[in-house]
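First up is the structure itself, then whatever we jot down about it.
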Amino acid sequence: MAFFTHQIRRGFSSSIIKNGVIKNVTIIGGGQMGAGIAQVAASTGHTVTLVDTSEDILKKSRKGIEGSLKRVVKKKFADKPEAGEEFIQNVLQNVSISTDAGASVQAADLLLEAIVENLKVKQDLFGHLDELAPANTIFASNTSSLPITDIAGSTSRLDRFGGLHFFNPVPMMKLVEVVGTSTTSQETFDSLLNFSKALGKTPVSCKDTPGFIVNRLLVPYMMEALRLHERGHGSKEDIDIAMKLGAGYPMGPFELCDYVGLDTVKFIIDGWSAKDPHNPLFASSELLNKLVAEGKYGKKTGEGFYKYK
Ligand SMILES: CC(=O)CC(=O)SCCNC(=O)CCNC(=O)[C@H](O)C(C)(C)COP(=O)(O)OP(=O)(O)OC[C@H]1O[C@@H](n2cnc3c(N)ncnc32)[C@H](O)[C@@H]1OP(=O)(O)O
Ligand SMILES: NC(=O)C1=CN([C@@H]2O[C@H](COP(=O)(O)OP(=O)(O)OC[C@H]3O[C@@H](n4cnc5c(N)ncnc54)[C@H](O)[C@@H]3O)[C@@H](O)[C@H]2O)C=CC1
């Protein structure tokens with residue numbers, strides 16, 4: 001049985017979002033976040049099209065979704081393996097993959113972007129898709145750190161644009177930050193909030209401020225751990241152990257940086273530092289810059305602060 005089809009559901013000539021209820025979701029970016037969101041949306045009965053730049057990347061996304069679903073099923077269907085396998089097949093049936101963003105947005109109630117953390121790249125994508133997507137399709141970004149207002153400015157649908165910020169790993173993390181700008185309509189905000197609930201997540205409402213709630217607190221903490229290490233005040237291993245055993249965090253800050261992706265952490269901190277260069281919380285780290293320059297982005301590339309198989 002084919003797990004995924006490459007076919008776009010062309011039967012729809014335009015999005016048919018009814019009463020603001022999101023059913024068809026197109027996710028642009030099949031990396032760790034996009035694939036995770038696709039998995040959770042498909043698991044909760046949504047129809048998902050996952051878009052990336054190449055078939056190879058999408059094959060990797062598919063493998064990641066299957067692997068994660070197996071972990072979920074192991075627990076959820078512990079004593080019913082056949083029902084677990086059926087669940088996996090049903091979820092996978094809900095996901096199509098495509099390298100054609102323009103075609104895949106035709107039936108979308110929601111277009112959710114999870115590509116690289118770069119304002120210009122996101123603006124180009126949204127500006128382009130704004131011309132192709134049905135007028136009533138809601139646009140949202142999963143950005144970690146960029147102002148939603150700046151991203152939305154590349155489109156003409158300021159009232160139908162918001163932020164939907166998930167956490168990594170998406171299948172495990174319960175929170176979604178729902179972000180409204182000064183122009184996001186109440187209807188759009190409510191649709192995004194209700195969509196988060198339909199995914200089984202707990203949404204919180206955020207203003208469009210840098211890093212929203214979690215990252216505004218978490219990223220300066222992670223960066224301070226790197227600087228503490230650079231000052232020679234602790235090994236990365238000891239700092240990680242200290243924060244896990246002394247503060248109850250599930251991962252230490254170096255492990256977490258590797259988990260998030262060092263490229264993403266650098267994009268976040270460089271972006272904030274450029275806007276507020278004298279804020280010591282946003283100071284850079286040479287060690288981070290060096291690892292990123294070497295292409296060592298953390299878990300996703302097999303090496304960051306630590307090595308992964
Ligand atoms: C940068 C941003 O913009 C915002 C962000 O996302 S910041 C990052 C936020 N995320 C965090 O802080 C993550 C912190 N880490 C954790 O919560 C945990 O370490 C973790 C959930 C990732 C893993 O948990 P763990 O106990 O360390 O490891 P592990 O035993 O492998 O996993 C625990 C359970 O989660 C499941 N799990 C972990 N990752 C999973 C995934 N991707 N898919 C499905 N299940 C997964 C495992 O199967 C396991 O299930 P059981 O308990 O049934 O065995
Ligand atoms: N990694 C994390 O912990 C979190 C990341 N985010 C945000 O989510 C976004 C994605 O992050 P990750 O999934 O970690 O990155 P990633 O590097 O794992 O994946 C990004 C994907 O986007 C694809 N892509 C890039 N440009 C594209 C384009 N124009 N069209 C289609 N696909 C394109 C890439 O090929 C790649 O597969 C970023 O904005 C990041 O800040 C948000 C929450 C947590």
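Just follow the structure's listing: the first ligand is 1, and inside any ligand the first atom is 1. We use all heavy atoms of the structure for the numbers below, so side chains are in, but hydrogens, waters and symmetry mates are not. Starting from 1, each residue takes its place in the sequence as its number. Computed from a predicted structure; not experimentally measured.
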May I ask you to decide if Ile115's main-chain N or O and Lys122's side chain share a donor-acceptor pair within less than 3.5 Å?
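Indeed, once roles are kept as given, a pair shorter than 3.5 Å links the two residues.
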Please name all residues satisfying salt bridge (Lys or Arg N to Asp or Glu O under 4.0 Å) with Asp208, sequence neighbours left out, ordered by chain then number.
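If we apply the salt bridge (Lys or Arg N to Asp or Glu O under 4.0 Å) test to Asp208, skipping adjacent residues, there are no hits.
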What protein heavy atom lies closest to [atom]? Include the residue and the distance to one decimal.
{"atom": "atom 43 (C) of ligand 2", "result": "Phe166 O, 3.1 Å"}
{"atom": "atom 15 (O) of ligand 2", "result": "Lys300 NZ, 3.9 Å"}
{"atom": "atom 20 (C) of ligand 2", "result": "Ala114 O, 3.9 Å"}
{"atom": "atom 19 (O) of ligand 2", "result": "Gly31 CA, 3.2 Å"}
{"atom": "atom 41 (O) of ligand 2", "result": "Ser144 OG, 2.7 Å"}
{"atom": "atom 13 (O) of ligand 2", "result": "Met33 N, 2.9 Å"}

Atom indices of ligand 2 within 4.0 angstrom of [X] heavy atoms, with elements:
{"X": "Val260", "result": "1 (N), 2 (C), 3 (O)"}
{"X": "Ile28", "result": "30 (N), 31 (C)"}
{"X": "Lys122", "result": "38 (C), 39 (O)"}
{"X": "Ile57", "result": "35 (O), 37 (O)"}

If the threshold is 4.0 Å, N to carboxylate O, is there a salt bridge linking Asp258 and Lys300?
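Looking at Lys300 together with Asp258, the answer is no, because their closest N to O distance does not fall below 4.0 Å.
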Would you call Asp56-Lys60 a salt bridge at under 4.0 Å N-O?
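Not counted as a salt bridge, because no side-chain N and carboxylate O are separated by less than 4.0 Å.
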Honestly, is Lys201 close enough over Phe166, meaning NZ or CZ under 6.0 Å from the six-membered ring centre and within 45° of the axis?
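Checked: cation-pi criterion not met.
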Cation-aromatic face contact Lys266/Tyr297, 6.0 Å, 45 degrees:
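So Lys266 doesn't make the cation-pi contact.
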Side chains of [X] and [Y] only: does a donor on one sit below 3.5 Å from an acceptor on the other?
{"X": "Asp159", "Y": "Thr184", "value": "no"}
{"X": "Thr143", "Y": "Ser141", "value": "no"}
{"X": "Gln39", "Y": "Ser68", "value": "yes"}

Hey, is Phe167 one of the residues with a heavy atom under 4.0 angstrom from ligand 2?
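Contact absent.
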Report yes or no: does a heavy atom of Gly261 sit under 4.0 Å from some atom of ligand 2?
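Checking ligand 2 against Gly261, which is what was asked, there is no heavy-atom contact under 4.0 Å.
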With heavy atoms only and a cut-off of under 4.0 Å, state how Phe267 meets ligand 2: side chain, backbone, both or neither.
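No part of Phe267 is near ligand 2 at this cut-off.
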Does a sphere of radius 6.0 Å around CD in Glu237 hold more than 12 heavy atoms from other residues, nucleotides or ligands, not counting ones at 6.0 Å or beyond?
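Count over threshold, so yes.
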How long is the straight-line distance from CG of Leu119 back to OG of Ser145, given to the nearest 0.5 Å?
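Nearest 0.5 Å value for the OG-CG distance: 9.5 Å.
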Quick check: [X] and ligand 2, any N/O pair under 3.5 Å apart?
{"X": "Ile115", "answer": "yes"}
{"X": "Gln32", "answer": "yes"}
{"X": "Asn142", "answer": "yes"}
{"X": "Glu117", "answer": "yes"}
{"X": "His165", "answer": "no"}

Angle class for the Phe282/Trp272 ring planes (parallel below 30°, perpendicular above 60°, tilted otherwise)?
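Tilted.
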Using 30° and 60° as the class limits, which term best fits the ring planes of Phe139 and Phe126: parallel, tilted or perpendicular?
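Because their plane-to-plane angle lies in the 30° to 60° range, the rings of Phe139 and Phe126 count as tilted.
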Quick one, list the residues around ligand 1 where some non-hydrogen atom comes in under 4.0 Å, by chain and residue number.
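Within the 4.0 Å shell of ligand 1, which is judged on heavy atoms, sit Ser68, Arg71, Val72, Lys75, Ser144, His165, Phe167, Asn168, Pro169, Pro171, Met172, Met173, Asn215, Leu218, Pro250, Met251, Leu256, Tyr259, Val260.
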Non-hydrogen atoms of Leu69 and Ser43 that approach each other most closely:
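Of all heavy-atom pairs spanning Leu69 and Ser43, the closest is CD2-OG, 3.9 Å.
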Aromatic ring centroids of Tyr249 and Tyr221 under 6.0 Å?
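Between Tyr221 and Tyr249, which both carry aromatic rings, the centre distance is below 6.0 Å.
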Only heavy atoms count here, so choose which of Thr53, Asp52, Ile151 is nearest to atom 21 (C) of ligand 2.
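The option holding the nearest heavy atom is Asp52.
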